[in-house]
Amino acid sequence: MNRLKHIVTLKNIRQSFGTKEVLKGIDLKVYSGEIFGLLGPSGAGKTTLIKIVTGQLKPTGGEAEFLGKNTTKLSSADYKRMGMMLDNLGLYERLSCYDNLQLFAEICGMSRKRIEEVLRGVGLWESRRIAVSGLSKGMRGRLAFARAILSEPQMLFLDEPTSGLDPATAEGIHQLILEEKEKGTTIFLTTHNMFEAQKLCDHVALLHEGSIVEYGEPGEICRRHNHENRLQIRLTNGERMELMNGEASARQVMELLQKGEIETIHSTEPNMEMVFMELTGRRLI
Amino acid sequence: MTNILAILKKQMKDTFKNKEILIQFILFPVIAIIMENAINIEGMPERFFVTLFATMYIGMAPLTSMAAIIAEEKEKNTLRVLMLSNVKPAEYLMGTGSYIWLICMLGAVVFAVTGKYEGKAFWVFLAIMAVGILASLLIGAMVGTFSRNQMMATSITVPVMMVFAFLPMLSMFNETIAKVAKFTYSQQISLLISQVENLKLESMNVVVIAFNVIVAAVLFGYAYKRSGLA
């Protein structure tokens, strides 16, 4: 498999629809083999950006590259390297799970064995004869994921893959995503779920009103925004206390630990949601 | 070719589970069989119901089914997924179109058998039907491409389909309508069907059908440029 340092490169991407500027000069790089998360609330421009990266939309300005090639000039071979799971899953409702995959297997030149392999992988082999209209939302999500990985793509684009799913089903999708990463697939994920991003992503970009307001590793971003740098302690007697994260506090914490009086201890490090709120003044959802 | 065949196969599986589309292909041939065998009024032209319903079939079945299939695929995002899997718009249209054309030709065979066409007349009838179905397919593709969803496709299809399917019938009863109807491909097809056994192809037939096809192709090109397939 062709491995480049940057699998996706965006240079000053701008996109307008009429007078509305949806993307305002996006610069971004997605590294080979990583899970990259694009975070932002609904309407931030995530789907527009994914459409540009996958060549569905020609940007108003700037340049988008996939494997070093301008996304407006992608070839059949380039599309074979991409797997996509759109926000609206795009499944054939009247066809069975198997028939849905068979269509794309024929288009991509994949074998029947591969269909069985992916259906088993997403836990839908037993349901292969059921029409999509008879599947639960979670099963549909897994089927769309199966279709996305069917052609063994080099890069997976997942647009809100767990949107509207219950936590258990979302966890199942997370496992599938991590398995794909283990195989070396690069994953471009859009989400407004901060926990998902923190759990899965190697790098995230926070998108707000068409601009990237923060970029980096999730943990590093949270640490960067830990302005208070304090420790929050709950004692066994129910009392709460906050200490500065420093040498003096360390002695105090040690004493409490030795006496067995500490029930919980946390840092004031914010999560992605709090960082997003700090940067934009609004929540992610 | 692989993609065209894959889409054709998918469409076959899908349509057999889609009663709304399936009924389009079955309705008129079945009505023609019943009417042709059940009603026999003195002075009624030979194969009256076959000619009447075959023309309606041409103006209705390929047009509405092509438009409905494309519009549904657009609305449900399946067409975008196909395009992102490197299926070319032309491949999609050929796969879907050839499937509808084949199914409609099966209906045409039913009409031909019902009308008891034999020998050369049988094949001439099928050839005329084939041309008419192709023209309707093109108009259906134009409507489907232009529409954003099934609702919009239906609201455009109904008046278009009524013009092409019913004008030939109405022109039997009204001379003014006949004068207008002769500029539609369906009326020309109807005229050709009515004289299958002694076919005299006139320039008017060819010019009108070709003109209709060219206009449909231009409108399809415009719709494609404006809305795209996905």
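Per chain, numbering begins at 1; letters A, B, ... match sequence-line order.
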Could you check whether atom [atom1] of [X] has more than 12 heavy atoms from other residues, nucleotides or ligands sitting under 6.0 Å from it?
X: B/M151; atom1: CE; value: no
X: A/K69; atom1: NZ; value: yes
X: B/I23; atom1: CD1; value: no
X: A/K181; atom1: NZ; value: yes
X: A/M110; atom1: CE; value: yes
X: B/R148; atom1: CZ; value: no

Quiz prompt | Options B/K13, B/E91, B/K76, B/E73, ranked by heavy-atom pairs under 4.5 Å with chain A, top entry | solution =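 Going by pairs under 4.5 Å, I would pick B/K13.
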Given a strict heavy-atom distance threshold of 4.5 Å, which part of [X] is in contact with chain B: side chain, backbone, both, or neither?
X: A/L91; result: backbone
X: A/F104; result: side chain
X: A/L103; result: both

Practice problem: Would you mind telling me which of A/N100, A/T54, A/L74, A/L95 has the largest number of heavy-atom pairs within less than 4.5 Å of chain B? | Solution: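 The candidate making the most pairs under 4.5 Å is A/L95.
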Practice problem: Identify the two heavy atoms, one from B/S85 and one from A/I107, that lie closest to each other, and give their separation to 0.1 Å. | Solution: O-CG2, 3.4 Å
Practice problem: Heavy atoms only: give me the nearest B/V81-A/R147 pair and the separation to one decimal. | Solution: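 Shortest heavy-atom contact: CG1-CZ, 3.5 Å.
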Quiz prompt | Interchain contact, B/K9 with chain A, by part (heavy-atom threshold 4.5 Å) | solution =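 The answer is the side chain of B/K9.
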Quiz item: Side chain, backbone, both or neither: which part of B/Q11 has an atom under 4.5 Å from a heavy atom of chain A?
Solution: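 B/Q11 has no heavy atom closer than 4.5 Å to chain A.
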Quiz item: Looking at A/E93 and B/K17, does any basic side-chain N land under 4.0 Å from a carboxylate oxygen?
Solution: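 Looking at A/E93 and B/K17, the cut-off is not met.
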Quiz item: Under the side chain to side chain contact (heavy atoms under 4.5 Å, CB included) criterion, do A/M82 and B/L84 qualify, and how do the steps go?
Solution: CA-CA 9 Å; A/M82 290 182 188; B/L84 290 172; over 6 Å; no
Quiz prompt | B/K10 and A/Q102: CA distance, side-chain angles, deciding distance, side chain to side chain donor-acceptor pair (under 3.5 Å) verdict | solution = CA-CA 9 Å; B/K10 179 273 293 179; A/Q102 193 178 28; over 6 Å; no
